[in-house]
Amino acid sequence: MAGDIAIFIPRSEIDVRANIRQFIDLARDQIVVFGRHLIFESDTWDVTDAVLTKAKGRKRERINFSTLSQGSGCVSEVMPEPFRSFAKAYIRYLSGIRPVKAIHARVAALRTLAAALAEQGGSCDPVHADQAAFNRAAQLVVDHFSDGAAYRIGQQLELLAEFMKANALLINRTSWRSPIRRPSDTVRVGAEADRRREEKLPSAAALDALPRIFLLAQAPADVITTAAAAIMLSAPDRISEVLTLPSDCEVVEQRSGKDDAYGLRWWPAKGAMPGVKWMVPSMAPVVQEALRRIRTVTAEARVVAEWYERNPGQIYLASDVKHLRENEMLSLGDVARIIGLVDRSGANAWCKDRGINARKLEGQGKVLYVRFQDVERAILSLLPRGFPTLDEATGVSFAKALFVVRRNELSTHHGTYRCMIELVSVGQINTGLGSRSAHGLRSIFSRFGFTEPDGSHIALSSHAFRHYLNTLAQSGGLSQLDIAKWSGRLDVRQNEAYDHVSPRQMLRNIRSAVGTDKMIGPLSTPPKRALIKRNSFAQLVIPTAHVTELGYCIHDYTSSPCQLHMDCINCQELICIKGDVKKTSRLRVQLVEAIRLKEKAEAAAVAGYAGSDRWLEHHRVTVERLAQLLSIIEDPNVPDGTPIQTAMTNAPARIDGPAQDEATLASIITGGRREEAE
């Protein structure tokens, strides 16, 4: 009977499943990472307040426990159980003992493992994860993500395997290492290297347009974007470091006998020691002007931030609406003036979005009113996360921040709040630089009419400036330690990822350091050649030409082979170029050799050697032609680059000569036979 059959489950599997259950219970009931009120059973966690990423603006950080997406048009589903509960427990537990800022790589590792388990058996049970499952997960990572992202997710996948093995959460407890290797940027030659270089560095069109827009910018969004770009072009900064600068960040140090040193107080974002980042003298005035413009745009926002810091729990009211603080009820027109909305209809929509009910008051006609306290509570809920402190690491407050603006002040679609502030976000700067031009969002370049040479949008990210300055430093010979300190890095090995010096620039630096006169081989400077221009050949009506040791041969090999092999001086199809030093030297050597051979032929003719007269005539013509050609080339009245074509010679061709000798011999033989016949 089927009901009498009991399925044997090994003790090891029972223990592993018990460990999984205990691990999930621990994460659900005892761990408070992401907040005590986190709903563990929810399939989407909002962890914005727990994952403190700088300069992200109003962007929310959410973790979705969904399956691996199979394409842009596919909708991801919720992870199946029991893997989903394990994934939630793993994320919450590891975020407590080993937190990371880029938490989505860790979630992606879980998604790929879930997909691999589903392919193998369909149960998606974490206890069955083995080497085959992790290998398949690594393959899915490679198939779905870019090289850089795949490496990071592969590292998280390896961490997951180590964690499950160490805590007895696997039936098959074997070690696994990620086969996904870190992508290498050391190859600098080839189309792929050129493509990577172009992607990470700002284009020439962008670098040419930015200073022009900097001078023309008037709107707050354009001023903030171009001023931030000016600061990032003065030193290799991370955008989050720039956006969290205090307003009083400038440092001036007097130096005896020299101009004052100018720099900015700096707090590196990734662990390097704080200090002063000194500006090169040529960029100091640009940075000073950029800071002046930023302070002008953000001055009102700092006033609002300071008010909220001194008056917690109360709404900021501009001078023209201060009297409304005493009112218990506000008309929709009053709400519009307090916030900065266009009219009462906008205020009504704003109140409805926030659950504030507007009603008529007795004796006030059709005018709608809302409670002052409700409006105040809704406004105060919009205060930035962590207010009044902007950055706990540096202690900078919003009232002292450089890049604090009134809410929506950089937006082109929403009205600016008069009573609320926000920090300029990374997304706003990157959007201004064109990173989202492909999605229809206008950039500073499109607003001022600047494009790439082919008419396409200029687009770059704020990180491109960091790559650009690091590449300039590498090209200029700055030491690796200085580049790392200038960039705010802990490890000089990280410089490599930002070094995009082209092969031509590297070769130029090597030649400059070693000296071209001391180099041989493929890195040495190739010899200069005086080449004839194509239009010069066209003027001579020449269909083809090739290089010889004396000049150019214009013989057309499609009609006949060469009849004077290695005897170019006696050929009228030789063209020499005035000013070619090396080939002129060869002509002189050949003249000396021709004179020596002529003298030997004269001695042979005096001695009566057979055929010596013909050799004497040949060498005589050669000496004359070489001497005539050299006299033209060495004539100072003939300009360099002039093509010189030799005249026709009477010297016998090497094909015609033997043919004539054969005909003569044949006639002698024929004549002898004829005489015998007679």
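- Salt bridge D391/K400: absent, no basic N to carboxylate O contact under 4.0 Å.
- In this structure, the side chain of K352 does not engage the main chain of N357 through any donor-acceptor pair within 3.5 Å.
- In the model, W266 has a side-chain atom that pairs as donor or acceptor with a side-chain atom of E241 under 3.5 Å.
- Between V335 and F372 the shortest side-chain heavy-atom distance does not fall below 4.5 Å.
- Here the CG atom belonging to L245 is positioned 6.0 Å from the CG atom belonging to L402, to the nearest 0.5 angstrom.
- Side-chain atoms of I91 and I103, non-hydrogen and from C-beta on, do get closer than 4.5 Å to each other.
- Separation of atoms CG (L210) and CZ (F450) is listed at 9.5 Å; rounding is to 0.5 Å.
- Inter-residue side-chain proximity for L291 and L264 is flagged as met; some heavy-atom pair is nearer than 4.5 Å.
- Here the side chain of R111 pairs a donor or acceptor atom with the backbone of S66 at under 3.5 angstrom.
- Closest approach of I356 and D374 over heavy atoms only: CD1-O, 3.6 Å.
- Electrostatic pairing of D43 and R84 counts as a salt bridge here, judged by a charged N lying under 4.0 Å from a carboxylate O.
- Nearest approach of V223 to R293, heavy atoms of both residues: CG1-CB, 3.7 Å.
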Donor-acceptor pairs under 3.5 angstrom involving side-chain atoms of residues 277-287: please list them, not counting sequence neighbours.
{"unit_1": "K277", "atom_1": "NZ", "unit_2": "D237", "atom_2": "OD1", "d": "2.9"}
{"unit_1": "K277", "atom_1": "NZ", "unit_2": "W486", "atom_2": "O", "d": "3.0"}

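- Counting heavy-atom neighbours within 6.0 Å of H104 NE2, excluding the residue itself, gives a total above 12.
- Using a 4.5 Å heavy-atom threshold, the side chains of C249 and W267 count as separate.
- Nearest heavy-atom pair, C419 versus Y308, reported as atom, atom and distance to 0.1 Å: O-OH, 2.6 Å.
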Inset, instruction - Apply side chain to side chain contact (heavy atoms under 4.5 Å, CB included) to I239 and M232, showing your working. - result: CA-CA 8 Å; I239 182 61; M232 289 184 287; 3.8 Å; yes
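- A donor-acceptor pair under 3.5 Å is absent between the side-chain atoms of N311 and the main chain of Q314, judged by distance alone.
- Of the listed residues (S461, S443, S462), just one forms a side-chain hydrogen bond (donor to acceptor under 3.5 Å, both in side chains) with N430, and that residue is S462.
- Interatomic distance, CG of L110 versus CD1 of I63, reported as 10.0 Å (0.5 Å rounding).
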Inset, instruction - Would you check, one step at a time, whether the test salt bridge (charged side-chain N to carboxylate O under 4.0 Å, His left out) holds for D208 with R212? - result: CA-CA 7 Å; D208 180 63; R212 302 185 186 184; 3.2 Å; yes
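- Under a 3.5 Å cut-off, the side chain of E409 and the backbone N or O of R406 do form a donor-acceptor pair.
- We find that E328 and R371 are joined by a salt bridge, their nearest charged nitrogen and carboxylate oxygen being less than 4.0 Å apart.
- In this structure, the separation between SG on C351 and OH on Y369 is 13.5 Å, given to the nearest 0.5 Å.
- With hydrogens and angles disregarded, a donor-acceptor distance shorter than 3.5 Å links the side chain of R92 to the backbone of I31.
- The main-chain N or O of I315 is found under 3.5 Å from a side-chain atom of E376 such that the two form a donor-acceptor pair.
- Considering only heavy atoms from C-beta on, Q156 stays 4.5 Å or farther from R152 through its side chain.
- Put simply, the side chain of S411 gets close to the backbone of H414: a donor and an acceptor are under 3.5 Å apart.
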Legend entry - N348 and R344: CA distance, side-chain angles, deciding distance, side chain to side chain contact (heavy atoms under 4.5 Å, CB included) verdict: CA-CA 6 Å; N348 192 25; R344 287 178 296 177; over 6 Å; no
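- The closest side-chain heavy-atom distance from H467 to P202 is not below 4.5 Å.
- Taking 4.5 Å as the limit, some side-chain heavy atom of V297 sits within range of a side-chain heavy atom of P220.
- To the nearest 0.5 Å, atoms OG1 (T244) and CZ (R238) are separated by 11.0 Å.
- For R310, the CZ atom sits in a packed shell: over 12 heavy atoms of surrounding residues, nucleotides or ligands are nearer than 6.0 Å.
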Inset, instruction - Tell me, with the steps shown, if R302 and T298 meet side-chain hydrogen bond (donor to acceptor under 3.5 Å, both in side chains). - result: CA-CA 7 Å; R302 275 187 293 278; T298 60; 2.8 Å; yes
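- Ion pairing between E250 and R265 fails under the 4.0 Å rule for side-chain N and carboxylate O.
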Legend entry - Verdict with supporting geometry, L472 and L469, side chain to side chain contact (heavy atoms under 4.5 Å, CB included): CA-CA 5 Å; L472 289 183; L469 290 184; 4.1 Å; yes
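- Remark: the backbone N or O of I39 is not paired with any side-chain donor or acceptor of S42 at under 3.5 angstrom.
- Counting non-hydrogen atoms of other residues, nucleotides and ligands closer than 6.0 Å to CD of Q254 gives a total of 12 or fewer.
- The distance from the CG atom of L94 to the CZ atom of R98 is 7.0 Å, given to the nearest 0.5 Å.
- Annotation for K360 and L368: closest pair CG-CD2, 3.6 Å, computed over non-hydrogen atoms.
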Legend entry - Worked check of side-chain hydrogen bond (donor to acceptor under 3.5 Å, both in side chains) between Y262 and Q288: CA-CA 9 Å; Y262 176 80; Q288 290 173 329; 4.7 Å; no
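- Taking all atoms of both residues into account, the shortest heavy-atom contact from T389 to F398 is O-CE1, 3.5 Å.
- Closest heavy-atom contact between L317 and K322: O-CG, 3.7 Å.
- The aromatic rings of F65 and W45 stand perpendicular to each other, their planes meeting at an angle above 60°, with 30° marking the opposite boundary.
- Side chains of V304 and Y417 form no contact here, defined as non-hydrogen atoms less than 4.5 Å apart.
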Legend entry - Derivation and outcome, side chain to side chain contact (heavy atoms under 4.5 Å, CB included), residues D222 and L216: CA-CA 9 Å; D222 299 335; L216 298 173; over 6 Å; no
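- Using modelled atom types, one finds a donor on one side chain and an acceptor on the other under 3.5 Å when comparing T44 with N64.
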Legend entry - Derivation of the side-chain hydrogen bond (donor to acceptor under 3.5 Å, both in side chains) call for D454 and S456: CA-CA 6 Å; D454 60 358; S456 61; 2.7 Å; yes
